[in-house]
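Notes follow once the structure below has been shown.
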Amino acid sequence: MIKWKEEYRLGVPTIDEQHQKLFEIANRAYELLKNEVRLDKYDKITEIIAELKDYTIYHFKTEEEYMRSIGYQKFLSHKVYHDDFIEKVKNVDLNQIEDNQDKYLLGVLDFVVNWIDRHILGQDKLIVS
């Protein structure tokens, strides 16, 4: 489970709320992973991945608009991180899910959680410092 920590807070309410929503999506994926009763998780996994992709695109647009509005000088390099993440999420191979659903979900979850953590603390914090 990934928990929101105060150290993730940027002090920009809209962005902080959207970051918390990303944590909420990741937590739903984690809860699905822990669910031993549900044997076929394919539909829920694809639903969570689609939501993650759509919400991330929405969030990055908001964050990028904010960076432009404050004249953030590292905007273009920051946008590259966003574009790379979206590309990786878009390239998720849904055919692989069927082979081992829990293992696949765990891989996606590890990638997303680690990326969110590193990106907020390493890149997003620079926007407001």
Side-chain angles (χ1 to χ4, degrees):
M1 177 173 256
I2 180 171
K3 294 196 182 225
W4 174 263
K5 299 180 255 183
E6 279 304 305
E7 67 186 295
Y8 294 126
R9 188 171 306 282
L10 300 183
V12 180
T14 303
I15 293 174
D16 288 335
E17 290 166 14
Q18 290 178 5
H19 284 161
Q20 289 176 32
K21 174 71 174 181
L22 290 170
F23 279 74
E24 186 265 318
I25 294 169
N27 280 324
R28 274 193 282 118
Y30 180 75
E31 289 301 317
L32 179 62
L33 182 64
K34 288 187 350 184
N35 186 333
E36 294 179 12
V37 176
R38 185 179 203 135
L39 298 178
D40 186 3
K41 301 174 183 176
Y42 181 86
D43 290 340
K44 288 303 280 181
I45 292 170
T46 57
E47 181 183 304
I48 288 170
I49 290 171
E51 181 183 7
L52 176 67
K53 180 182 75 170
D54 293 344
Y55 194 79
T56 302
I57 290 168
Y58 165 76
H59 165 64
F60 287 165
K61 182 176 182 235
T62 301
E63 198 171 273
E64 290 166 6
E65 287 172 359
Y66 176 76
M67 286 188 282
R68 281 191 197 105
S69 77
I70 64 167
Y72 184 60
Q73 293 191 355
K74 295 182 180 180
F75 168 77
L76 291 177
S77 61
H78 194 112
K79 187 173 180 346
V80 168
Y81 289 108
H82 290 174
D83 293 346
D84 287 347
F85 181 85
I86 290 169
E87 192 63 31
K88 285 180 180 154
V89 173
K90 281 183 178 179
N91 287 327
V92 166
D93 184 359
L94 299 178
N95 294 322
Q96 291 183 5
I97 295 173
E98 205 54 55
D99 295 336
N100 187 335
Q101 293 178 357
D102 285 345
K103 182 179 177 184
Y104 190 79
L105 182 57
L106 181 61
V108 170
L109 192 55
D110 280 344
F111 164 72
V112 169
V113 167
N114 289 324
W115 193 92
I116 290 171
D117 180 71
R118 285 190 322 270
H119 185 75
I120 292 173
L121 295 177
Q123 299 301 315
D124 288 351
K125 283 285 189 170
L126 296 174
I127 298 169
V128 295
S129 60

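With a 4.5 Å cut-off on side-chain heavy atoms, Asp54 and Tyr58 do not count as touching. Here the side chains of His82 and His119 are in contact, with some heavy-atom distance below 4.5 Å. Residues Leu22 and Val112 fail the side-chain proximity criterion, which asks for heavy atoms closer than 4.5 Å. Side-chain contact between Thr56 and Val89: absent, with no pair of heavy atoms (C-beta onward) separated by less than 4.5 Å. Counting only heavy atoms from C-beta outward, the side chains of Tyr66 and Val12 approach each other to under 4.5 Å.
Shown are Gln73, Glu63, Glu64; of these, the side-chain hydrogen bond (donor to acceptor under 3.5 Å, both in side chains) with His78 is made only by Glu63.
Annotation: ring pair (Phe, Tyr, Trp, His ring centres under 6.0 Å) contacts of His59 (sequence neighbours excluded): His19.
Across all non-hydrogen atoms, the minimal contact from Gly11 to Asp16 is N-OD2, 2.9 Å. Of all the heavy atoms in Val92 and Tyr104, the pair that sits closest is CG1-OH, 2.7 Å. Across every non-hydrogen atom of Ala26 and Val113, the tightest pair is CB-CG2, 4.2 Å. Nearest heavy atoms, Tyr8 versus Ile120: O-CG2, 3.5 Å. Nearest approach of Gln101 to Lys41, heavy atoms of both residues: OE1-N, 2.5 Å. Looking at every heavy atom in both residues, Asn35 comes nearest to Val37 through OD1-N, 2.9 Å.
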List the steps, then state whether side chain to side chain contact (heavy atoms under 4.5 Å, CB included) holds for Leu126 with Gln123. CA-CA 5 Å; Leu126 296 174; Gln123 299 301 315; 4.3 Å; yes

After noting the C-alpha distance and the side-chain angles of Lys44 and Glu47, does the key distance pass the salt bridge (charged side-chain N to carboxylate O under 4.0 Å, His left out) rule? CA-CA 5 Å; Lys44 288 303 280 181; Glu47 181 183 304; 3.1 Å; yes

List the steps and the verdict of ring pair (Phe, Tyr, Trp, His ring centres under 6.0 Å) for Phe23 and Tyr30. CA-CA 10 Å; Phe23 279 74; Tyr30 180 75; over 10 Å; no

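Counting only residues at least two apart or in different chains, salt bridge (Lys or Arg N to Asp or Glu O under 4.0 Å) contacts with residues 109-129 are absent.
The distance from the OH atom of Tyr55 to the CD1 atom of Ile25 is 7.0 Å, given to the nearest 0.5 Å. To the nearest 0.5 Å, atoms CG (Leu52) and CD1 (Ile57) are separated by 9.5 Å. Within the model, atoms NZ of Lys74 and CD1 of Ile127 stand 11.0 Å from one another, a figure rounded to the nearest 0.5 Å. Taking CG of Leu109 as the reference point, atom CG of Asp102 lies at 11.0 Å (rounded to 0.5 Å).
Val80 and Tyr72 are not part of a single hydrophobic cluster, where members link through side-chain heavy atoms under 4.5 Å apart.
At a threshold of 4.0 Å, the pair Glu31-Arg28 does not count as salt-bridged, since none of the basic side-chain nitrogens sits closer than that to a carboxylate oxygen. Between Arg68 and Glu65 there is no salt bridge, since no side-chain nitrogen of the basic residue lies less than 4.0 Å from a carboxylate oxygen of the acidic one. Between Lys21 and Glu51 there is a salt bridge, with a side-chain nitrogen of the basic residue lying less than 4.0 Å from a carboxylate oxygen of the acidic one.
Between Phe60 and Tyr81, the gap from one ring centroid to the other reaches at least 6.0 Å.
For Glu36, the CD atom is loosely surrounded, since the number of other residues' heavy atoms within 6.0 Å does not exceed 12.
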